[in-house]
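First up is the structure itself, then whatever we jot down about it.
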Amino acid sequence: MASVLPQTVCLLHMPTHTMKNFAELVCSRPRMWTVDGTLPEVFSFLSGVNYAHQAGTPEGEEYDGGSPRALLDWLTDEFSVPGMAANANWISGLRDRYGTDEAALAAMQQYANTLPSEVDRRYEIGYAE
């Protein structure tokens, strides 16, 4: 009779996992997070998440915002026009620069991918893929 040995798993040969932050997840699959996955819906959703985090930050603690805040700050830096609301030109600026909403979302996802891996650690959002 052949003996049955438990299988061992060699961790050196297992695929590595990368962590995606929350903003990157939303931009990569906008229809999962919003009704139709449109650019304005993604802005509204990320703004809402950012506001909820800000409002939920305990008194005395510093609000860091995580990846939603970082992405919204990037949009403001890149596309705001002096004298107008910070978000007034995000959509037109992205469409002018990238041509389509899909390309704009891809650019937003690419920016979110550059954020430090611990950007959302405080909120425990994101996932390993």
Side-chain angles (χ1 to χ4, degrees):
M1 280 191 110
S3 66
V4 178
L5 297 174
Q7 283 189 317
T8 58
V9 177
C10 179
L11 295 176
L12 296 175
H13 298 298
M14 292 188 72
T16 59
H17 297 286
T18 57
M19 185 73 172
K20 284 190 176 184
N21 62 58
F22 187 69
E24 189 178 3
L25 286 171
V26 172
C27 293
S28 68
R29 297 185 68 191
R31 290 191 64 151
M32 183 175 158
W33 303 95
T34 68
V35 175
D36 293 316
T38 67
L39 198 54
E41 286 177 340
V42 170
F43 291 150
S44 295
F45 180 73
L46 289 172
S47 294
V49 169
N50 176 63
Y51 180 77
H53 285 180
Q54 187 174 7
T57 299
E59 189 173 325
E61 287 188 27
E62 185 176 337
Y63 169 67
D64 66 9
S67 63
R69 178 75 261 155
L71 181 58
L72 296 173
D73 287 345
W74 175 75
L75 291 167
T76 298
D77 291 345
E78 290 291 313
F79 302 106
S80 65
V81 174
M84 296 185 77
N87 63 353
N89 294 296
W90 290 349
I91 293 172
S92 61
L94 281 162
R95 287 177 177 159
D96 287 347
R97 185 178 299 174
Y98 299 106
T100 66
D101 288 9
E102 293 78 17
L105 285 166
M108 292 166 57
Q109 179 185 357
Q110 184 177 9
Y111 173 78
N113 185 40
T114 68
L115 297 172
S117 60
E118 68 277 354
V119 68
D120 289 325
R121 189 174 311 260
R122 175 179 182 174
Y123 304 108
E124 297 181 9
I125 53 179
Y127 86 111
E129 142 180 292

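Values reported hereafter were calculated over all heavy atoms of this structure, with side chains retained and with hydrogens, waters and symmetry mates removed. In this chain, residues are counted from 1 in sequence order. Owing to the predicted nature of the structure, the values given are computational and were not obtained by experimental measurement.
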**Report entry** Shortest non-hydrogen contact from Ala112 toward Glu24
**Finding:** CB-N, 3.7 Å
Query raised in the report: With sequence neighbours excluded, what pairs up with Thr38 under the side chain to side chain contact (heavy atoms under 4.5 Å, CB included) test?
Result: Asp36, Pro40, Glu41
Query raised in the report: With ILVMFWY side chains joined below 4.5 Å, transitively, what does Tyr51's cluster contain besides itself?
Result: none
Requested in this report: Evaluate the side chain to side chain contact (heavy atoms under 4.5 Å, CB included) criterion for residues Leu115 and Trp74: first the C-alpha distance (whole Å), next the side-chain angles of each, then the deciding distance (0.1 Å), finally the verdict.
Outcome: CA-CA 11 Å; Leu115 297 172; Trp74 175 75; over 6 Å; no
Requested in this report: Using the test side chain to side chain contact (heavy atoms under 4.5 Å, CB included), find all partners of Asp77 that sit at least two apart in sequence or belong to another chain.
Outcome: none
Requested in this report: May I ask you to test the Leu25-Arg29 pair for a side-chain heavy-atom distance under 4.5 Å?
Outcome: no
Requested in this report: Mind checking the CG-CG spacing from Leu75 to Asn89? Nearest 0.5 Å is all I need.
Outcome: 11.5 Å
Report task. Identify the heavy atoms of Ala104 and Leu39 that sit nearest to each other, and give their distance. Result -> CB-CD2, 4.1 Å
Report task. Name all pairs fulfilling the side chain to side chain donor-acceptor pair (under 3.5 Å) condition that reach into residues 99-117, sequence neighbours left out, sorted by first residue then second. Result -> Arg95-Asp101
Requested in this report: Over 60° means perpendicular and under 30° means parallel, so classify the ring planes of Phe45 and Trp33, tilted if in between.
Outcome: tilted
Report summary line: Residues passing the side chain to side chain contact (heavy atoms under 4.5 Å, CB included) test with Thr76, sequence neighbours excluded, are Ser80, Ala86, Trp90
Query raised in the report: What pairs with Asn50 under side chain to side chain contact (heavy atoms under 4.5 Å, CB included), at least two apart in sequence or on another chain?
Result: Gln54, Tyr63, Pro68, Arg69, Leu72
Requested in this report: Treat each ILVMFWY residue as a node, draw an edge where side-chain heavy atoms are under 4.5 Å apart, and state whether Met84 and Leu94 are in one component.
Outcome: no
Query raised in the report: Given Met108 and Tyr98, is the side chain to side chain contact (heavy atoms under 4.5 Å, CB included) satisfied, shown in steps?
Result: CA-CA 11 Å; Met108 292 166 57; Tyr98 299 106; over 6 Å; no
Query raised in the report: At their closest point, which heavy atom of Ser67 faces which heavy atom of Val119, and how far apart are they?
Result: N-CG2, 3.6 Å
**Report entry** Asn87 and Phe43, any side-chain heavy atoms less than 4.5 Å apart
**Finding:** no
Query - Side chain proximity check, Leu71 to Cys27, heavy atoms < 4.5 angstrom - result: yes
